[in-house]
Amino acid sequence: MIMDDCIFCKIANKKIPSELLYEDDLVAAFNDINPITPVHVLIVPKKHIESVADMEEADEILAGRLIMVAKKMAEKMGTSEGGYKLLLRVRPDGGQEVPHVHMHLLGGGKMLENIKVV
Ligand code: 5GP
Ligand code: ZN
């Protein structure tokens with residue numbers, strides 16, 4: 001369930017000191033260490049799952065929880081009214097660098113789209 005060498009397992013399960021913005025039985029949320037927008041929060045499962053591509057049918061409640069917590073965090077961070085972007089990168093072609101599912105909550109201003117295949 002928790003991988004010793006996974007940074008997001010450690011943060012979400014408070015194995016290292018960090019400032020969790022939110023936690024419940026299934027997920028935790030914390031600020032991205034290298035924010036790309038004024039609001040940049042990561043919402044992650046407490047259990048180790050490498051990517052969305054590795055999620056199973058039994059993770060359906062968890063999948064819903066990630067979105068609902070992102071919605072609530074957007075309200076808490078003051079970016080709900082203007083709007084925000086939720087981003088899930090999946091595996092290398094999706095640009096995923098940390099192999100533990102994480103939803104990015106990006107907000108605090110209007111964002112550009114620059115999505116293309118290279
Ligand atoms: P990815 O490219 O996998 O979608 O995004 C990984 C994100 O995790 C990046 O935005 C990066 O800044 C963030 N990140 C990587 N290591 C750490 C860490 O140790 N702590 C925190 N809070 N964020 C991290
Ligand atoms: Zn993990």
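Quick note: numbers below take in every heavy atom, side chains included, and nothing from hydrogens, waters or symmetry partners. Every number for a ligand or one of its atoms is a count from 1 in the order of the listing.
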In terms of residue, atom name and distance, what is the protein heavy atom nearest to [atom]?
atom: atom 11 (C) of ligand 1; result: Asp32 OD1, 3.4 Å
atom: atom 22 (N) of ligand 1; result: Asn31 O, 2.9 Å
atom: atom 3 (O) of ligand 1; result: Glu97 N, 2.6 Å
atom: atom 15 (C) of ligand 1; result: Val98 CG2, 4.0 Å
atom: atom 14 (N) of ligand 1; result: Ile33 CG2, 3.8 Å
atom: atom 8 (O) of ligand 1; result: Phe8 CZ, 3.5 Å

Please check: side-chain N/O of [X] versus main-chain N/O of [Y], any donor-acceptor pairing under 3.5 Å?
X: Thr79; Y: Gly108; result: yes
X: Glu23; Y: Ala28; result: no
X: Lys47; Y: Val27; result: no
X: Asn13; Y: Lys46; result: yes

Numbered atoms and elements of ligand 1 in range of [X], under 4.0 angstrom, heavy atoms:
X: Asn34; value: 12 (O)
X: Arg89; value: 1 (P), 2 (O), 4 (O), 5 (O)
X: His104; value: 1 (P), 4 (O), 5 (O), 7 (C), 10 (O)
X: Ile11; value: 20 (N)

Checklist entry - Does Met3 have any side chain to side chain contact (heavy atoms under 4.5 Å, CB included) partners at least two apart in sequence or in another chain, and if so, which? => result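 Result, side chain to side chain contact (heavy atoms under 4.5 Å, CB included) vs Met3: Asp5, Cys6, Cys9, His48.
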Checklist entry - Any non-hydrogen atom of Ile36 lying under 4.0 Å from ligand 1? => result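 False for this residue.
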Checklist entry - Do the ring centers of Phe8 and Phe30 come within less than 6.0 Å of each other? => result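 Yes; Phe30 has its ring centre under 6.0 Å from that of Phe8.
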Checklist entry - Quick one: does ligand 1 sit under 4.0 Å from the side chain of Ile7, the backbone, both or neither, non-hydrogen atoms only? => result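 Only the side chain of Ile7 comes within reach of ligand 1.
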Min N/O separation [X] to ligand 1 under 3.5 Å:
X: Gln96; value: no
X: Phe30; value: no
X: His102; value: yes

Item to check | His102 and His100: CA distance, side-chain angles, deciding distance, ring-ring contact (aromatic ring centres under 6.0 Å, His included) verdict | outcome: CA-CA 6 Å; His102 49 284; His100 176 128; 7.8 Å; no
Item to check | Shortest non-hydrogen contact from Ile36 toward His40 | outcome: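 That closest heavy-atom pairing would be N-ND1, 3.1 Å.
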Item to check | Stepwise salt bridge (Lys or Arg N to Asp or Glu O under 4.0 Å) check, Asp25 with Arg65 | outcome: CA-CA 10 Å; Asp25 55 327; Arg65 184 72 63 84; 2.8 Å; yes
If you count heavy atoms of other groups shown closer than 6.0 angstrom to [atom1] of [X], is the number above 12?
X: Asp24; atom1: CG; value: yes
X: Lys71; atom1: NZ; value: no
X: Lys85; atom1: NZ; value: yes
X: Glu75; atom1: CD; value: yes

Checklist entry - Is any protein N, O or S atom closer than 2.8 Å to the Zn ion (ligand 2), and if so, which? => result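 Only Cys6 SG, Cys9 SG, His48 ND1, His100 ND1 fall inside 2.8 Å of the Zn ion (ligand 2).
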